[in-house]
S.K.: 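Take this structure first; my questions come after.
Everything quoted here is computed from the prediction, not taken from an experiment.
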Amino acid sequence: MKKTHWTEHQKKTVLDNIGRLSIEEIAFHVDRTPRAVRLFLHRNKITLGETVKHNLVITVLQRKFGHPEYFTPTKQFFIDVKINQKRYWDLYYGRKQISQEEYERLCSHLNIPPEDSFEARQMEIFK
């Protein structure tokens, strides 16, 4: 099977229609398979479906690294934070809400001071 690069038009079509059309319909419009569209969404960290109102994992990673995509979790990270990979990616993409204990372990592992982690958690109240 020949691998082809995504054209700008195909990318724009996917981004414009996500949430409005099904994956299968989008795949038909961009002349790709549904699996290729799902992989494109995954590679570009685009979430489908319900998400949490305020994603604390992204907020913490933005405070620490500026851009959350710069952080790549390692096996030791998962062990230290006591969150498995599936749970982490559900939290990262906002499919699940992080618990207080998980949030504290994440902030502690990333060396974020308690006052900064508290402030990140409280910012949503005033928006």
S.K.: Please check if atom CG in N44 has more than 12 non-hydrogen atoms from other residues, nucleotides or ligands closer than 6.0 Å.
M.R.: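 More than 12 heavy atoms, drawn from other residues, nucleotides or ligands, come within 6.0 Å of this atom.
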S.K.: Taking atom CZ as the centre, does R43 end up with more than 12 heavy-atom neighbours from other residues, nucleotides or ligands that are less than 6.0 angstrom away?
M.R.: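 Yes, the 6.0 Å shell around CZ holds more than 12 heavy atoms from other groups.
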S.K.: Say you draw a straight line from CG of L91 to OH of Y103; how long is it, rounded to the nearest 0.5 Å?
M.R.: 12.5 Å
S.K.: Mind checking ring-ring contact (aromatic ring centres under 6.0 Å, His included) for F28 and listing every partner two or more places apart, or none if nothing turns up?
M.R.: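 Checked F28 against ring-ring contact (aromatic ring centres under 6.0 Å, His included); zero matches.
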S.K.: If you compare all heavy atoms of I18 against all heavy atoms of L41, which two are closest, and at what distance to 0.1 Å?
M.R.: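 In terms of heavy atoms, the two residues are closest at CD1-CD1, 3.6 Å.
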S.K.: Can you tell me how far apart CG (L39) and NE2 (H42) are? Round to the nearest 0.5 Å.
M.R.: 7.5 Å
S.K.: Before you tell me yes or no, could you show the steps for T74 and I79 under side-chain contact (heavy atoms from CB on, under 4.5 Å), namely the whole-Å CA-CA distance, both residues' side-chain angles and the distance that decides it to 0.1 Å?
M.R.: CA-CA 9 Å; T74 63; I79 292 168; over 6 Å; no
S.K.: Check whether any side-chain heavy atom of F71 sits under 4.5 Å from a side-chain heavy atom of L110, and report yes or no.
M.R.: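 Counting from C-beta outward, F71 and L110 do come under 4.5 Å.
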S.K.: Rounded to the nearest 0.5 Å, what separation is found between the OG atom of S99 and the CZ atom of R105?
M.R.: 6.0 Å
S.K.: Find out whether T4 and R32 are in side-chain contact, i.e. whether some heavy atom of one side chain is under 4.5 Å from a heavy atom of the other.
M.R.: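 When only atoms from C-beta onward are counted, R32 and T4 do touch, with a gap below 4.5 Å.
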S.K.: Assess the residue pair F78 and Q85 against the criterion (side-chain contact (heavy atoms from CB on, under 4.5 Å)); give the C-alpha distance rounded to whole Å, side-chain angles, the decisive distance to 0.1 Å, and a yes or no.
M.R.: CA-CA 7 Å; F78 294 121; Q85 290 180 20; 3.3 Å; yes
S.K.: Would you check if Y88 and I98 make a side-chain contact, meaning some heavy-atom pair closer than 4.5 Å?
M.R.: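 Not in contact.
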S.K.: So which heavy atom on C107 is nearest to which on V60, and how close?
M.R.: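 Where C107 meets V60 most closely, the heavy atoms are SG-CG2, 3.9 Å.
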S.K.: Any chance you could lay out the side-chain contact (heavy atoms from CB on, under 4.5 Å) test for V57 and Y93, step after step, and finish with the verdict?
M.R.: CA-CA 9 Å; V57 173; Y93 287 117; over 6 Å; no
S.K.: Taking only residues two or more places apart in sequence or in another chain, which ones pass salt bridge (Lys or Arg N to Asp or Glu O under 4.0 Å) with E8?
M.R.: K11
S.K.: List the atom of P34, the atom of I23, and the distance in Å for their closest heavy-atom pair.
M.R.: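 Nearest pair, atom of P34 first, then I23: O-CG2, 3.6 Å.
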S.K.: Examine distances only and state if a side-chain atom of T13 and a backbone atom of H9 form a donor-acceptor pair shorter than 3.5 Å.
M.R.: yes
S.K.: As an exercise, state the distance from CD of E69 to CD1 of I58, rounded to the nearest 0.5 Å.
M.R.: 8.5 Å
S.K.: Using the salt bridge (Lys or Arg N to Asp or Glu O under 4.0 Å) rule, collect all pairs that involve residues 14-25, keeping only residues at least two apart or in two chains.
M.R.: K12-D16, E24-R38
S.K.: Tell me, which pairs form a salt bridge (Lys or Arg N to Asp or Glu O under 4.0 Å) where one or both residues lie in residues 85-94, sequence neighbours left out?
M.R.: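 Every pair satisfying salt bridge (Lys or Arg N to Asp or Glu O under 4.0 Å) with a residue in residues 85-94: K86-D90, R87-E102, D90-R95, D90-K96.
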S.K.: Answer yes or no: is there a donor N or O on one side and an acceptor on the other, between the side chain of Q10 and the main chain of T7, under 3.5 Å?
M.R.: yes
S.K.: Which residues satisfy the ring-ring contact (aromatic ring centres under 6.0 Å, His included) test with H109, sequence neighbours excluded?
M.R.: F77
S.K.: Would you call the rings of W89 and Y92 parallel, tilted or perpendicular, taking 30° and 60° as the class edges?
M.R.: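 Perpendicular.
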S.K.: Given side chains that start at C-beta, do those of Q97 and L56 come closer than 4.5 Å, heavy atoms only?
M.R.: yes
S.K.: With sequence neighbours excluded, tell me which residues meet ring-ring contact (aromatic ring centres under 6.0 Å, His included) with H67.
M.R.: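 ring-ring contact (aromatic ring centres under 6.0 Å, His included) check on H67 returns Y70.
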